[in-house]
Amino acid sequence: QVQLVESGGGLVQAGDSLRLSCAASGRTFSTYTMAWFRQAPGKEREFVANINWSGSTTKYADFVEGRFSISRDNAKNTVYLQMNNLKPEDTAVYYCATGRLATTENAYRYWGQGTQVTVST
């Protein structure tokens with residue numbers, strides 16, 4: 001069993017930055033692939049970014065456009081999502097997940113409860 005707890009969301013203005021964190025339980029965190037997804041109101045949940053167990057491989061959704069960066073600290077069992085130049089369309093609940101290295105939801109078995117990010121104009 002893996003437990004994931006996200007934090008760091010909030011209300012910011014367009015152009016601001018936020019760093020989301022996801023703390024994971026489990027002694028084998030360093031072997032997990034980790035990912036961030038998001039779900040905006042009225043929309044399906046979508047892939048944002050993922051990172052392999054060592055941090056050597058990352059992948060981003062096209063809409064990130066170089067604004068977001070995923071990273072991990074295996075010593076702290078934590079994965080991060082640094083989000084810069086936020087836009088109103090980035091408003092969503094952001095979820096972290098662990099599973100296989102893929103961009104589809106069904107590849108990820110464990111999910112956090114989500115953290116709300118709201119970007120105002």
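In this chain, numbering begins with 1 at the start of the sequence shown.
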Handout entry: Common cluster, Leu101/Tyr110, ILVMFWY with side-chain heavy-atom separation under 4.5 Å
Key =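 No; tracing contacts between hydrophobic side chains, which count when under 4.5 Å, never links both residues.
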
Residues, nucleotides or ligands: over 12 heavy atoms within 6.0 Å of [X] [atom1]:
X: Gln3; atom1: CD; value: no
X: Glu44; atom1: CD; value: no
X: Lys76; atom1: NZ; value: no

Nearest non-hydrogen partners of [X] and [Y], listed with the distance:
X: Ala102; Y: Phe47; value: O-CE1, 4.0 Å
X: Pro88; Y: Thr121; value: CG-CG2, 3.6 Å
X: Tyr60; Y: Ile70; value: OH-N, 2.9 Å
X: Asn84; Y: Ser17; value: OD1-OG, 2.9 Å

When rounded to the nearest 0.5 angstrom, what is the spacing between [atom1] in [X] and [atom2] in [Y]?
X: Glu65; Y: Asn85; atom1: CD; atom2: CG; value: 9.0 Å
X: Ile51; Y: Thr57; atom1: CD1; atom2: OG1; value: 8.5 Å
X: Glu6; Y: Cys22; atom1: CD; atom2: SG; value: 5.0 Å
X: Leu20; Y: Phe68; atom1: CG; atom2: CZ; value: 8.5 Å
X: Arg72; Y: Trp53; atom1: CZ; atom2: CH2; value: 9.0 Å
X: Met83; Y: Leu18; atom1: CE; atom2: CG; value: 5.0 Å

Any donor-acceptor pair under 3.5 Å linking the side chain of [X] with the backbone of [Y]?
X: Thr98; Y: Thr33; result: yes
X: Tyr32; Y: Ala97; result: no
X: Ser120; Y: Val12; result: yes

Handout entry: Residue among Trp111, Tyr94, Tyr95 satisfying ring-ring contact (aromatic ring centres under 6.0 Å, His included) with Phe37
Key =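 Answer after filtering Trp111, Tyr94, Tyr95: Trp111.
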
